[in-house]
Amino acid sequence: MTEHSEPGLIPAAQLHDAAAVFGMLAATARLQILWLLSQGERDVGTLATDIGQTVPAVSQHLAKLRLAGLVHVRKAGRRNVYTIADPGVADIVRLAVRHHRRRGGALPGQVD
């Protein structure tokens, strides 16, 4: 069977882990960071400029994303360069944005 056709319930541990990923995505800054990283690698300074936050604030978000296994970091000279760790996470971010756009930008529970 493929991963999309597994029968039955999801084991509790897997549900917990999946919910933790969505918890990471619930912060708008982290979601924006992942959106930008889905388009290509960036360093913390570039991300901070792109999302209009300070380098320390973005560094904290990146540290959380890294601990959650959602981003990887590599050294490039004196800079840390970040990438999305799993292309599936980029897909989740893109799907969420696409879903929102298809709904005309309506928030959950809003009636168009």
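Everything numeric here is computed off the predicted structure, so don't read it as measured data.
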Is there side-chain contact between Leu34 and Val89, with heavy atoms separated by less than 4.5 Å?
yes
If you look at every heavy atom in Gly23 and Arg30, which pair is closest and at what distance?
O-NH2, 3.8 Å
Any idea which heavy atoms bring Gly69 and Ala85 closest together, and the distance?
O-CB, 3.3 Å
Count I, L, V, M, F, W, Y as connected when their side-chain heavy atoms are under 4.5 Å apart, and connections chain through other members. Are Val81 and Leu70 then in the same cluster?
no
Check: Gln60 side chain, Pro56 main-chain N or O, donor-acceptor pair, under 3.5 Å:
no
Are the side chain of Arg42 and the backbone of Leu47 linked by a donor-acceptor contact shorter than 3.5 Å?
no
Euclidean distance, Arg74 CZ relative to Asn80 CG, rounded to 0.5 Å
10.0 Å
ILVMFWY cluster, Val21 and Ile10 together (side-chain gap under 4.5 Å)
no
Linking I/L/V/M/F/W/Y whenever their side-chain heavy atoms sit closer than 4.5 Å, directly or via other members, would Phe22 and Val97 fall into one cluster?
yes
Considering all heavy atoms, the nearest Ala29-His61 contact:
CB-NE2, 3.5 Å
To check you understand the geometry: which heavy-atom pair defines the closest contact between Met24 and Ala68, and what is its length?
CG-CB, 3.9 Å
For Leu25 against Leu31, the heavy-atom pair lying closest together
O-CB, 3.7 Å
Looking only at heavy atoms, which two atoms of Leu37 and Tyr82 are closest? And how far apart?
CD2-O, 3.3 Å
